[in-house]
Protein chains: 2
Amino acid sequence: MPTPSRASLAQIIDAGREIVEGSGASGLTMQAVAERVGVRAPSLYKKFADRDELLRAVTGATLEDLSVRLESAGDDIAELARVYRSYAHERPEAFRMMSTVSMPVDALRQPVEPLLRACARVFGEEDALNAARFAVSWVTGFVQMEFAGAFRLGGDVDVAFEYGLRRLGSGLHP
Amino acid sequence: MPTPSRASLAQIIDAGREIVEGSGASGLTMQAVAERVGVRAPSLYKKFADRDELLRAVTGATLEDLSVRLESAGDDIAELARVYRSYAHERPEAFRMMSTVSMPVDALRQPVEPLLRACARVFGEEDALNAARFAVSWVTGFVQMEFAGAFRLGGDVDVAFEYGLRRLGSGLHP
DNA sequence: ACCTGAACACCGTTCAAGT
DNA sequence: ACCTGAACACCGTTCAAGT
């Protein structure tokens, strides 16, 4: 007779996200997820082809989370960058996975949407994509180097970020 | 009686770099390195405390490599960025490790030196550090998103890079 | 001094057998 | 239908025993 699955997909993903926040991506093992969800590791293969698919699902949830955050950030490019960075500070491990786990294109479309809109408003449709790529490259790189400890040798990092935001502004406004 | 070690530190690191280029960081196992160097895995622990230390050594070699490249790139910020990106394209896996493996501060000092000099020349000592961080954040983020496949949804990536370089220029020149 | 086999704990993954 | 124990291949790491 049909048996309902003991752990829903959403439950598994949530468990995964909690583990990531606590022990990083390397702590996200099939066994750890299974245990937290009250099941044995092999059962997870009913929902995910392999660990990589689970990583993608967890990262996908992070991207959706971030999207919501950015949506409610308004139309200002600088403000979007600040919200992006503060999200990264809030969930450093999840943030890392965004650039570590290779995601399908569709998952990346949504979170860039707000920035794309902001850029289109300021520069017109034509330059929007290039401008958005410029901005997103800078902010992503900044946070990543910050996390990598590359900004440890002097100067205030928050000041450097605001400096960058100003430069971004004058870089984008012709 | 004293026995000379069968695999030098340099040989091990070189073996590691070759493996990385072929199979990525995840392929850089103690066993794979040991085999390529003609020794058993436990022997490697004579030279490295653990796998992480080996990863750092390999990444350190990459950073030195990159430094040499950048040194011979001249004093132009845009040119430095181009050289940086082309190095990343040449050794994508090694490049990934630069932001994945957590490195000691000292290892990061050398490769930024040329950019720092270029920025000091253009903006003076005072703004050099902030300007360098702005530039390095952008170019690092750009290449990383390029590798992550974030730039797959339209537009030419090379064009976007040159666009970014122009924006970087007008962003940095007040 | 350096190297090794054997062992341990821990992975991901498969699959036949259970309900 | 879903779940599981057992098994396999593969890790990192330790250590006593070999030369």
Side-chain angles (χ1 to χ4, degrees), chain A residues 1-61 93-94 96-97 100-104, chain B residues 1-61 93-94 96-97 100-104:
Chain A
M1 63 210 70
T3 320
S5 91
R6 199 134 37 141
S8 76
L9 216 131
Q11 279 174 315
I12 296 174
I13 293 176
D14 278 355
R17 301 181 70 187
E18 287 166 25
I19 290 170
V20 165
E21 231 39 67
S23 350
S26 73
L28 188 65
T29 67
M30 299 303 268
Q31 322 213 9
V33 174
E35 185 183 13
R36 184 177 274 259
V37 118
V39 103
R40 297 293 186 164
S43 295
L44 298 177
Y45 292 84
K46 281 281 150 175
K47 321 251 183 192
F48 301 93
D50 51 25
R51 179 171 178 263
D52 237 59
E53 201 172 296
L54 205 171
L55 289 179
R56 281 196 293 275
V58 169
T59 306
E93 297 297 342
R96 273 196 170 88
M97 290 177 70
T100 283
V101 177
S102 102
M103 296 295 292
Chain B
M1 64 211 68
T3 320
S5 91
R6 198 132 40 136
S8 75
L9 216 130
Q11 279 174 316
I12 296 173
I13 293 176
D14 278 356
R17 301 181 72 186
E18 287 166 27
I19 291 170
V20 165
E21 232 37 69
S23 348
S26 74
L28 188 64
T29 68
M30 300 304 269
Q31 323 213 8
V33 173
E35 186 183 13
R36 184 177 273 258
V37 118
V39 103
R40 296 294 186 164
S43 295
L44 299 176
Y45 291 84
K46 281 280 151 179
K47 320 248 183 196
F48 301 93
D50 51 26
R51 179 173 179 262
D52 237 60
E53 201 172 297
L54 206 171
L55 289 179
R56 281 195 293 273
V58 169
T59 307
E93 297 297 343
R96 272 196 170 88
M97 290 177 70
T100 283
V101 177
S102 102
M103 296 295 291

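Here is the naming used below: chain letters follow the sequence lines, and residue numbers restart at 1 for every chain. We use all heavy atoms of the structure for the numbers below, so side chains are in, but hydrogens, waters and symmetry mates are not. Since the model is a prediction, treat every value here as computed from it, not as a measurement.
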task = Please report the shortest heavy-atom distance between B:Gly27 and B:Ala32, naming the atom on each side.
result = O-CB, 3.7 Å

query = Does a side-chain heavy-atom distance below 4.5 Å link B:Phe48 with B:Arg56?
reply = no

query = Hey, which of B:Asp50, B:Leu28, B:Thr100 is the one that makes side chain to side chain contact (heavy atoms under 4.5 Å, CB included) with B:Leu55?
reply = B:Leu28

request  = Go through residues 42-52 of chain B and report each residue with a non-hydrogen atom lying under 4.0 Å from DNA chain D, sorted by number.
outcome  = B:Pro42, B:Tyr45, B:Asp50, B:Arg51

key: Pairs meeting criterion side chain to side chain donor-acceptor pair (under 3.5 Å) with involvement of residues 10-25 of chain B, two or more places apart   = B:Ser8-B:Gln11, B:Arg17-B:Asp65, B:Glu18-B:Arg36

Which residues share a salt bridge (charged side-chain N to carboxylate O under 4.0 Å, His left out) with A:Arg51, sequence neighbours left out = none

Contact residues, residues 10-32 of chain A to DNA chain C [heavy atom, < 4.0 Å] = A:Thr29, A:Met30, A:Gln31

inquiry  = Let me check I have this right: for DNA chain D, each base becomes ., (, ), [, ] or |, based on Watson-Crick or G-U pairs with both distances under 3.5 Å. What is the full string?
reply    = ||.|||||...|||||.||

Approximate separation, where rounding is to 0.5 Å, of A:Lys47 NZ and A:Leu9 CG = 6.0 Å

Listed partners of B:Arg40 passing salt bridge (charged side-chain N to carboxylate O under 4.0 Å, His left out), at least two apart = none

inquiry  = Tell me whether the side-chain N/O atoms of B:Arg6 come closer than 4.0 Å to OP1 or OP2 in C:dT4.
reply    = yes

request  = Starting at CD of B:Glu53, measure out to CG of B:Leu44 and round the result to the nearest 0.5 Å.
outcome  = 11.5 Å

task = Supply the atom-to-atom distance B:Ile12 CD1 to B:Lys46 NZ, rounded to the nearest 0.5 angstrom.
result = 12.5 Å

key: Residue A:Arg40, side-chain heavy atoms: nucleotide from D:dC2, C:dT4, D:dT4 that is nearest   = D:dT4

task = Quick one: closest heavy-atom pair of A:Val37 and A:Ala7, and the distance?
result = CG1-CB, 3.4 Å

task = In whole angstrom, give the distance that lies between atom CD of A:Glu35 and atom C1' of C:dC11.
result = 14 Å

